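Read the structure below first, then the notes.
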Amino acid sequence: MSGHAIQIDDIWVKYPGRSGHVLKGISLSVERGEVLGLLGPSGSGKSTLLKAIAGIIPIEKGKIFIEGRDVTDLPPNKRKLGVVFQSFALFPHMKVWENVAYGLKVRRASKEKILGKVKELLELVGLSGMEDRYPSQLSGGQQQRVALARALAIDPRVILFDEPMSNVDPIFRSKLREEIRYLLKKREIAAVYVTHDREDAFEVSDRIAVLRSGVLEQVGRPEMLMKFPKNIFVAEFLGIDNVLEFEAKNPLSFGDKYSLLKLDSGEIIIPSSSVKNGKGVLALPADRLRIASYPPPNPPWLRGKIDDVIFRGIGYRLTVSTPAGRIAVLSKNADVRIGEDVYVIYDKEDAVIIGGD
């Protein structure tokens, strides 16, 4: 366990007065300097897992290690980690300088150390010159930077983030994510980053853990999860477009790894591992699809009718209704009309494998 910043071994959590467990046998590790995103819908157990790591709530069973040390029974202030909360949790009666210095003062650091450390951190997060402002005088993004500086002040090896972008204006989120990741990597700090926002998780995380109803569904690098989601829930929650299920009668071999299915809606090719028990699952990224007015000479293709055309600023989102289901297509151009018969074409390599081996 010495190589892990965090090691979670089979933890179970149950809240008093509630039936069933909120976390069910979670085992997970975070490497030193790694950012792990915890992604899942409301009620999936993300924040509960974060609170268990922080020691804010007790666990019923299992072990938690931080930097190789068993902290399962230690209080939060003995776990040597920083926490950045959803609400920022800044002291409203304290100025920026005092908020950042708070953890150092509690630890009885010298005045010289506090002076140097706070100055360094405010420069690091781009808030030099704002030392004398109160939180109410700052924007949401600036308050989040103060919260991050305060967490960094105690030199933690691990920082926990609980929905840190919830109170930040959407227009500033991407820039702030970039800054958070840069600071974590620069200082080689491990982090657990809780969010329900896929874009949030993808921009910050090295790996992502997807939770559902207290169970860890899948863990992996973002690109791996997008290409090989474990099941339809993971695929749809990650925002993978066009997850279609259908009867896969008499699939024909199409090379070593693909199957050709002849349907009423067309001729499609999917990875052979996606065909199981007479059922087929097809997931197609919207940005990899093309629209044609005439049937292509070779598969794969699906026949349909244009349902809607929406301009998205950087291109168009077309909705095509097919017998297999509604399909979204992202296109730079929209040379089609609503109600027009079209053919959706894709390259077989772009089909996403759901639940494959």
Side-chain angles (χ1 to χ4, degrees), residues 198 208 210 212 217-309 315-357:
R198 178 187 66 136
I208 292 174
V210 182
R212 173 172 60 164
E217 290 284 347
Q218 191 172 4
V219 184
R221 297 187 65 83
E223 59 269 29
M224 186 275 286
L225 296 183
M226 291 296 287
K227 186 62 180 175
F228 304 102
K230 177 182 176 182
N231 51 41
I232 292 175
F233 167 80
V234 173
E236 292 184 335
F237 193 79
L238 289 175
I240 296 175
D241 298 290
N242 308 321
V243 179
L244 309 173
E245 298 179 85
F246 41 79
E247 295 292 327
K249 298 177 181 178
N250 304 316
L252 303 175
S253 177
F254 195 91
D256 295 335
K257 299 180 180 179
Y258 297 92
S259 296
L260 170 65
L261 307 182
K262 293 182 177 292
L263 309 174
D264 293 339
S265 53
E267 297 182 349
I268 66 174
I269 297 171
I270 66 174
S272 297
S273 58
S274 293
V275 181
K276 294 181 179 179
N277 302 320
K279 301 284 185 179
V281 180
L282 179 68
L284 295 172
D287 60 344
R288 300 297 181 90
L289 304 180
R290 306 183 300 279
I291 295 291
S293 299
Y294 301 96
N298 299 306
W301 55 270
L302 282 163
R303 184 179 62 252
K305 188 183 295 289
I306 296 291
D307 261 0
D308 201 2
V309 179
Y316 295 85
R317 181 180 178 90
L318 315 176
T319 304
V320 183
S321 179
T322 79
R326 288 165 61 87
I327 295 176
V329 179
L330 299 182
S331 175
K332 291 183 178 180
N333 303 305
D335 298 327
V336 292
R337 302 182 309 278
I338 293 177
E340 182 178 346
D341 292 324
V342 295
Y343 297 84
V344 179
I345 307 169
Y346 63 95
D347 295 327
K348 65 180 187 300
E349 294 82 6
D350 290 330
V352 173
I353 299 174
I354 298 179
D357 297 329

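From a predicted model like this one, the values you see are computed outputs, not experimental measurements.
In this structure, T322 and G304 approach most closely via the heavy-atom pair CG2-CA, 4.0 Å. Looking at every heavy atom in both residues, K227 comes nearest to E349 through NZ-O, 2.7 Å. When all heavy atoms of V344 and L289 are compared, the closest pair comes out as CG1-CD1, 4.0 Å. W301 approaches Y343 most closely through the heavy-atom pair CE3-CD2, 3.7 Å. The two residues D341 and K305 come nearest to each other via the heavy atoms OD1-NZ, 2.8 Å. V243 and I240 get closest at one heavy-atom pair: CG2-O, 3.8 Å.
Checked by atom type and distance alone, the side chain of R290 never pairs as donor or acceptor with a backbone atom of I345 at under 3.5 Å. With hydrogens and angles ignored, the 3.5 Å screen pairs a side-chain donor or acceptor of R303 with a backbone N or O of D264. Here the side chain of D241 pairs no donor or acceptor atom with the backbone of L284 at under 3.5 angstrom. Using a distance-only test at 3.5 Å, with no hydrogens or angles considered, a donor-acceptor pair links the side chain of Y346 to the main chain of I269. Of the possible polar contacts, none joining the K279 side chain to the E245 backbone as a donor-acceptor pair under 3.5 Å is found. At least one donor-acceptor pair closer than 3.5 Å links the side chain of Q218 to the backbone N or O of F228.
Distance check, rounded to the nearest 0.5 Å: CG of N250 to CG of L260 gives 11.5 Å. Expressed to the nearest 0.5 Å, how far CD1 of I306 lies from OG of S321 amounts to 10.0 Å. In this structure, OG1 on T319 lies 9.0 Å from CD1 on I338, to the nearest 0.5 angstrom. To the nearest 0.5 Å, atom NZ of residue K332 and atom CG of residue D287 are 11.0 Å apart. Between the CG atom in L261 and the CZ atom in F246 there is a gap of 5.5 Å [rounded to 0.5 Å]. Once rounded to the nearest 0.5 Å, the distance linking CG of L302 with OG of S265 reads 4.5 Å.
Considering only heavy atoms from C-beta on, L252 comes within 4.5 Å of K262 through its side chain. Between P285 and M226, every side-chain heavy-atom pair lies at or beyond the 4.5 Å cut-off. Looking at heavy atoms from C-beta onward, E340 lies out of side-chain contact with V309 at the 4.5 angstrom threshold. Side-chain contact check for L244 versus I268: every heavy-atom pair is 4.5 Å or farther apart.
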Side chain to side chain contact (heavy atoms under 4.5 Å, CB included) between V320 and I291, intermediate numbers included: CA-CA 10 Å; V320 183; I291 295 291; 4.0 Å; yes
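Every residue meeting the side-chain contact (heavy atoms from CB on, under 4.5 Å) condition with E223, not counting sequence neighbours, appears here in chain and number order: R221. Residues that satisfy the side-chain contact (heavy atoms from CB on, under 4.5 Å) test with S272, not counting sequence neighbours, are S259.
None of V352, V281, L282, I353 except one satisfies the side-chain contact (heavy atoms from CB on, under 4.5 Å) rule with I270; the exception is L282.
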